[in-house]
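These notes concern the structure reproduced below.
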Amino acid sequence: MAPVATNESNGNGSASQVASLKAKANTDNQLINPFYSPSTGDEVDDGYKYAAYKPYFPKVDWEPLEEIAVTDRGLSADPEKKSLFSAGKVKHLTPAIGTEITGLDLRQLTDAQKDELALLVAERGAVFFRDQELNIHEQLDIARHFGPLHKHATTPIPKEGLEEVHVVYNDFARRPDSSAFSKLELWHSDVTYEVQPPSTTSLKVITGPEYGGDTLFSSGYALYSSLSPGLQTYLEGLTALHSAVAQADGARAAGLHVRREPIETEHPVVRVHPVTGWKSVYVNPGFTRRIVGVPKAESDTILNFLFRQISENVDFQVRFKWEHNSVAFWDNRIVTHSATFDFWPQTRHALRATPTGEKPESVEDYEHRTGKTAKDRQIEIWKQQGIEPPQSRKGASKARGYND
């Protein structure tokens with residue numbers, strides 16, 4: 001695996017072939033939404049080191065997914081994570097989300113360390129590693145420790161097979177067209193339309209631009225904590241519809257076979273993580289279509305507010321710059337993410353392993369099942385720090401200045 005500055009240097013065909021394809025991409029009038037219409041990756045492969053992992057769309061049909069029992073491995077972890085933390089250097093990147101661990105080889109993780117990693121990802125939302133030599137089979141082995149692996153109905157798998165691998169691929173032949181989508185739409189949590197959406201997911205970029213193509217992650221914990229108590233309570237009683245239809249339609253529009261028919265599923269707007277017991281806002285622009293049982297104008301207003309907070313409130317976010325052999329783990333139950341599509345015409349090629357999580361639980365269902373009270377993450381952290389949480393302000397707010 002090596003970072004790539006240009007497709008010419010990557011061996012994707014001769015200079016004349018590359019120039020021809022670039023010219024075609026520049027004159028193609030088709031509108032490309034990179035989120036709903038995946039790349040076929042069927043351009044010139046000559047000499048490309050990772051040609052076996054380029055996109056492949058098998059024409060097979062899969063049965064609908066059935067509910068399965070899943071127990072989060074974080075429940076078995078040492079709360080202090082001594083085994084994991086003693087093996088590497090730990091650095092938190094922002095107060096709300098993101099931790100980087102250096103000096104640790106993912107190929108050498110023990111089961112206890114994997115459990116502690118699951119807990120750390122559940123607490124911090126996203127955890128990053130550099131200089132990791134693990135291959136896709138080793139990546140899948142770690143992912144299987146966290147749960148049964150999800151097979152995506154529309155996006156590509158590697159040409160060499162491996163149906164449980166999700167291929168992320170974009171190159172010079174597909175220029176994202178800003179008239180086909182907005183940047184807001186790219187924010188998503190993976191396949192939230194499934195009855196049991198993903199949990200502790202991992203991604204490794206095997207070919208990337210010299211710069212650009214970063215991934216941003218936004219914390220649903222932090223978003224929940226930022227809301228007023230009244231709005232928190234209101235949202236806890238709502239469910240929202242998550243839909244796979246647009247993704248399936250986008251695949252079909254690109255001439256691709258849909259391997260499993262799209263579904264639509266209702267999930268709580270606020271879910272509780274089964275390990276931390278913390279509340280998280282659980283909607284995303286990519287797949288959440290409406291709030292159930294309220295007027296459309298109300299649904300649109302609430303979702304637009306939450307979507308804007310996810311994408312625009314930098315206090316909730318961490319931005320990860322990919323380097324050679326970088327690996328990211330994130331918890332799809334509590335984090336939304338978006339890649340930056342700023343790297344065209346360079347290639348960005350990544351492989352994702354996606355464990356299946358439990359069926360999302362509302363605050364009411366979690367508290368009924370466990371007998372515990374679901375918590376606000378920020379308040380719990382303040383308590384750990386010996387800080388008295390601020391009381392809700394009544395009356396008019398006072399203006400204050402802020403300088404940076």
Side-chain angles (χ1 to χ4, degrees), residues 1-4 6-7 10-13 17-18 21-22 24-25 28 30-62 135-137 139-140 143 149-177 180-181 186 188 190-191 198 201-209 212-213 215 244 246-260 262 286 322 337-341 343-354:
M1 169 178 159
V4 176
T6 67
N7 286 292
N10 196 29
N12 281 353
Q17 288 173 317
V18 170
L21 285 169
K22 284 186 177 181
K24 180 181 183 300
D28 194 340
Q30 182 184 11
L31 300 181
I32 298 299
N33 182 331
F35 185 66
Y36 294 125
S37 297
S39 170
T40 58
D42 55 3
E43 295 78 26
V44 178
D45 283 346
D46 294 347
Y48 178 43
K49 183 177 181 181
Y50 299 104
Y53 298 107
K54 288 191 72 175
Y56 171 60
F57 296 86
K59 292 186 177 180
V60 296
D61 295 307
W62 295 335
N135 60 37
I136 184 56
H137 301 283
Q139 183 180 348
L140 288 171
L149 296 188
H150 177 264
K151 296 195 298 185
H152 204 293
T154 62
T155 57
I157 67 173
K159 286 186 174 181
E160 71 166 22
L162 298 175
E163 291 181 342
E164 296 167 323
V165 175
H166 169 92
V167 175
V168 178
Y169 185 87
N170 284 276
D171 64 15
F172 55 85
R174 284 170 50 87
R175 181 176 185 176
D177 192 317
F181 67 97
L186 299 180
H188 66 286
D190 296 324
V191 297
T201 302
S202 63
L203 186 75
K204 181 174 182 178
V205 172
I206 59 175
T207 298
T215 301
Q247 194 168 57
D249 288 348
R252 290 185 171 119
L256 302 172
H257 180 70
V258 175
R259 300 183 289 276
R260 188 168 54 240
W322 297 93
H337 61 279
S338 178
T340 58
F341 275 85
F343 54 88
W344 188 88
Q346 298 183 62
T347 295
R348 186 176 184 272
H349 188 187
L351 304 177
R352 190 181 85 198
T354 315

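If you read the sequence from its start, that first residue is 1, and numbering goes on from there. Computed from a predicted model, the values in this text were never measured in an experiment.
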Checklist entry - Would Tyr56 and Val167 count as a side-chain contact (heavy atoms from CB on, under 4.5 Å) if you check the C-alpha gap in whole Å, the side-chain angles of each, and the deciding distance to 0.1 Å? => result CA-CA 9 Å; Tyr56 171 60; Val167 175; over 6 Å; no

Item to check | Qualifying residues under salt bridge (charged side-chain N to carboxylate O under 4.0 Å, His left out), relative to Glu163, sequence neighbours excluded | outcome: Lys151

Minimum heavy-atom separation for [X] to [Y], with atom names?
X      : Y      : result
Leu186 : Ala339 : CD1-O, 4.3 Å
Phe172 : Trp344 : O-NE1, 2.9 Å
Gly213 : Thr340 : N-OG1, 3.2 Å
Val205 : Trp322 : CG2-CD2, 3.5 Å
Gln139 : Leu351 : NE2-O, 3.2 Å
Pro55  : Pro156 : CB-CB, 3.4 Å

Partners meeting side-chain hydrogen bond (donor to acceptor under 3.5 Å, both in side chains) with [X] (sequence neighbours left out):
X      : result
Asn135 : none
Ser338 : none
Arg259 : none

Checklist entry - Under 3.5 Å, side chain of His337 to main-chain N/O of His188, donor-acceptor pair present? => result yes

Item to check | Counterpart residues, side-chain contact (heavy atoms from CB on, under 4.5 Å), relative to Thr354 (two or more places apart) | outcome: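 Thr354 satisfies side-chain contact (heavy atoms from CB on, under 4.5 Å) with His150, Pro198, Thr201, Arg352 only.
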
Next on the checklist: Please enumerate all residues that pass side-chain contact (heavy atoms from CB on, under 4.5 Å) together with Ala143, with sequence neighbours excluded.
Outcome noted: Leu149, Ala353, Pro355

Checklist entry - ring pair (Phe, Tyr, Trp, His ring centres under 6.0 Å) with His166: which residues, sequence neighbours excluded? => result His152

Any side-chain heavy atom of [X] within less than 4.5 Å of one from [Y]?
X      : Y      : value
Leu162 : His137 : yes
His257 : Val60  : no
Val168 : Arg348 : yes

Next on the checklist: Under the criterion side-chain contact (heavy atoms from CB on, under 4.5 Å), I'd like the reasoning laid out for His349 against Ile206: C-alpha separation, chi angles, the key distance, then a yes or no.
Outcome noted: CA-CA 6 Å; His349 188 187; Ile206 59 175; 3.7 Å; yes

Once you round to the nearest 0.5 Å, how far does [atom1] of [X] lie from [atom2] of [Y]?
X      : Y      : atom1 : atom2 : result
Asp171 : Gln346 : CG    : CD    : 11.5 Å
Thr155 : Phe57  : OG1   : CZ    : 7.5 Å
Leu203 : Thr215 : CG    : OG1   : 6.5 Å

Next on the checklist: Would Ile157 and Val165 count as a side-chain contact (heavy atoms from CB on, under 4.5 Å) here? Give the steps.
Outcome noted: CA-CA 6 Å; Ile157 67 173; Val165 175; 5.5 Å; no

Checklist entry - Do Thr347 and Tyr48 pass the side-chain hydrogen bond (donor to acceptor under 3.5 Å, both in side chains) test, and can you show the C-alpha distance, the side-chain angles, and the key distance before you say yes or no? => result CA-CA 11 Å; Thr347 295; Tyr48 178 43; over 6 Å; no

